[in-house]
Amino acid sequence: MRGNKSYIELKKTALMQYFSRMNDMQKKAVFTVNGPLLVLAGAGSGKTTVIVNRIANMINFGNAYFDETRSGNADDIEFLEAYINGETDDLDGLREAVAVNPIKPWNILAITFTNKAANELKERLNAMLGEEALSIHAATFHSACVRILRQEIDRIGYGKDFTIYDSDDAQRLIKSVMAEMEVSEKNFAPKALLSEISFAKNRMITSAEMKENAGADFRKKTIARVYSHYCARLKESNALDFDDILLLTVKIFEDFPEALDKFRNRYKYILVDEYQDTNQVQFRLVSLLSEQHRNICVVGDDDQSIYKFRGADITNILSFEKQFEGAVVIRLEQNYRSTKTILNAANAVIAHNEERKEKALWTNGDEGDKICWYKACDENDEAQFIANEILKHYKESGKYSDNAVLYRMNAQSNKIEQALIKSGIPYKIYGGLRFTDRAEIRDVIAYLNFINNPFDMVRFERIVNKPKRNVGDTTVELIKQISTDLKLSPLDVMRNCDEYAPLSKKVSTLKTVAAMFDSLIEKVDVLPLNELLDEVLAKSGYMAYLRGLGDEGVNKIENVQEFYSTVASYTDEAEDPNLNEFLEEVALYTEADRDDNSDDRVTLMTVHSAKGLEYDNVFVVGMEEGIFPGIRSMDSPEDLEEERRLAYVAITRAKKKLYLSNAAQRLLFGQTQRNLTSRFIKEITRELIEKNDNTISLRNQMSNEAVTAVHSSSLQQQLARNKAKSNTKAEAVEYTAGERVMHNSFGEGTVLSVKKMSNDSMLEIAFDKVGTKRLMANFAKLKKI
DNA sequence: TGTGCACCTGTTTTT
DNA sequence: CAGGTGCACA
């Protein structure tokens, strides 16, 4: 008896020691392996570290810490004593001495929202666990579901090679559905309709249910009709939108218990990150999967729930304990990021919210600088102030990249950009056009999608006449009609167009087009992807079409060239590269996934996209009633609370110094507005703030000069010049023919030719292994060797 | 079937 | 202010 008690104590001490880098609350989360667990992880509380260590604990030691069933033998006790005394740090020995039901890595499913978070998690698990980490399924909700659907979707009448429609494809589809149903875009904005449909899908409301609930409401009835048609068209195209990916997975789990069982047995331990952002479908999915084993751990922060407008349901996290009986709740409130001052400000602001789980961040760190509140005369003054402050910080630290400027809406970025350009400060903007949003890239992707799935009507319409093939709208409409009526793919219809009287005039044209696509389809499983892409660009005439555009086309060709490297790196990294999987990756990929911290620039982005990031110095601009909080949120207490959470997110991004600014007047959307100071500034305890009111000093000076100066033409020219300079990458390297270079996916090669283009150059390189490629110097990430 | 002009309308956007 | 888009017209 005595021996066993001391074994338990020794075991706990040893495990504490193994995870000694964690604080007590973090350790508790790490050791709690079985049953439902809610981790309320405040901003900067080391959330990812906890997740990684918790998984490491599960795999190495299982439920060792809380277990009371295993009694140690003399060897175990001897080992533990040696371990505790620092005589050994052998992990395998420790495993042997303490482990209780260690969990197989492939029984763990870790779900995140972004690819970036999933990748970070994978990397850190890899660093901590080595090879075993590879069998852990760490993925986004969407990619995890796609993986399930690829196995199971034929149960509900879709083909396994289904296509994924992103928001842009979905919008095209909804427009075409509306046209077909004669619903005017004037009365129903396609975007709004789409978001209504998305909300319905997120809440698992079918079009039939929506119709029922509509009663006599014409608007709702119309939406329900469009919704129903939209779904039908998706299915005919064997396509899924983002919401379908989750919804159909849930549907299969609900309707086919044997499918659900399969995945329940596989994923016995489930972990969900950013749980405050889950919607109802995601909740349902997680519930279904975890119902049996009940090993569900969710991590999140209700104070950082900022995606209600996209269907996120904060009640998921607020009522977790009700929904999962017996849940353990752990609060991580120690912050390792910000100064006391910043945390106190954040706490003061968020305390004004009613609907939240009480918690308060604290830190052992310094008091730090006071928060700077800058009252600007107008938006130019605000921007210039920020530029000046950044220059000051740069003088001290020699770095631009620890500064970030956050705004409520993208429209505010312009003035900041101008000021930074004027001061010669390099910056990068998040949230502009995504690379894959560019028309030419979408076209190329559409070709690939169509040859992968010839039922894809949206992609068919996009490219069938691009470049011009003499297939006009009327013909396309006819083909669509026939395909829908006969349940054929548009490609089938073109192939056999002589069988359909309405197409009689176009027989030879359509046969040629069909033959072109067929010849490409033949190559899908034959050629490696990069060669397939070459073939597509050549046979479709798309490349020739871009070349024919002259100057305009140059940039587009560059972008297509860059797309090559996406293909190449996929081919290199994938286990079994294939077109279908590549297209899936492209569809679920976001611009944020490829952010490179490589160069030293100030970051500009919306508060939303800043979630999860941190910077030494953070500037939150436009702290004005009507902007932040936004005008649309001011009449609903619920929306206002979300704005406040957004403010909380913004404030807690700062590690050392926080700047809040507002302007006495600002020009926005062509109108000059005078807004009151944001309530969020007023909610901060006054002692934490150092106010800097420029509206007083400037009233005494000749203010107009400073303001109008920005618009003067000589300055404009200077701006343009600076911009050109800052846009060229600092490390723009010159290459000459004959040089040896290294490319991170193509390997080593010799430069054959260099062709100057605007502010880049196109290189023709003979690679030793993969043959001759054309690459843009600035994109190619080449190394001279 | 392409171009150009007038008009309109402006949060946030992980997939 | 500025980008996107619908629509008219050639």
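We name chains A, B, ... by the order of the sequence lines, and we start the count at 1 in each one.
- What separates CG of A:L406 from C1' of B:dT11 is a distance of 16 Å, to the nearest Å.
- To the nearest whole angstrom, the two P atoms, one in B:dT12 and one in C:dT5, are 16 Å apart.
- Toward the 5' end of DNA chain B, the nearer of the two residues A:D243 and A:H608, judged by each one's closest nucleotide, is A:H608.
- The residue from A:I245, A:T112, A:V272, A:V281 that alone fulfils the side chain to side chain contact (heavy atoms under 4.5 Å, CB included) condition with A:F141 is A:V272.
- A donor-acceptor pair shorter than 3.5 Å can be found between the side chains of A:Q276 and A:E274.
- Remark: P of C:dC1 and CD of A:Q412 are 18 Å apart, rounded to the nearest angstrom.
- Base engagement by A:D277 is indicated by at least one non-hydrogen atom pair under 4.0 Å involving a base atom.
- Ring planes of A:F582 and A:Y570: tilted class, angle from 30 to 60°.
- Between A:E642 atom CD and B:dT14 atom P the separation is 15 Å, expressed in whole Å.
- Taking side-chain N and O atoms only, A:N410 has no distance below 4.0 Å to OP1 or OP2 of B:dG10.
- The nearest whole Å value for the distance from the NZ atom in A:K191 to the P atom in C:dT5 is 9 Å.
- Of the listed nucleotides (B:dT12, B:dT14, B:dT13), B:dT12 has the atom at the smallest distance from the side chain of A:M409.
- Comparing A:V471 and A:G670 along DNA chain B, the residue whose closest nucleotide (by nearest heavy atom) sits nearer the 5' end is A:V471.
- Residue contacts shown for A:S143 are absent, as no nucleic acid heavy atom lies under 4.0 Å away.
- Remark: P of C:dC1 and CG of A:N380 are 13 Å apart, rounded to the nearest angstrom.
- Between A:T606 and B:dT13 there is a side-chain polar atom (N or O) within less than 4.0 angstrom of OP1 or OP2.
- Residue-nucleotide stacking is not present for A:F669 and C:dC1, judged by a side-chain ring centre under 5.5 Å from the six-membered base ring centre and planes under 30° apart.
- Nucleotide C:dC1 holds its P atom 15 Å from the CG atom of A:D378, rounded to whole Å.
- B:dT12 adopts an anti glycosidic conformation, its chi angle falling more than 90° from 0.
- The side chain of A:N414 places no N or O atom within less than 4.0 Å of a non-bridging phosphate oxygen (OP1 or OP2) of C:dA2.
- Taking the charged nitrogens against the carboxylate oxygens, A:R645 and A:D302 have no contact shorter than 4.0 Å, which rules out a salt bridge.
- Across the protein-nucleic acid pair, A:K116 atom NZ and B:dT14 atom C1' stand 11 Å apart, rounded to whole Å.
- Centroid-to-centroid, the aromatic rings of A:Y545 and A:Y542 come within less than 6.0 Å.
- Remark: C1' of B:dT13 and CG of A:L194 are 13 Å apart, rounded to the nearest angstrom.
- Looking at heavy-atom distances under 4.0 Å, A:Y307 makes contact with a base.
- Within the 4.0 angstrom heavy-atom criterion, no nucleotide atom of any strand lies near A:E379.
- In this structure the side chain of A:Y227 reaches within 4.5 angstrom of the side chain of A:K201, judged on heavy atoms.
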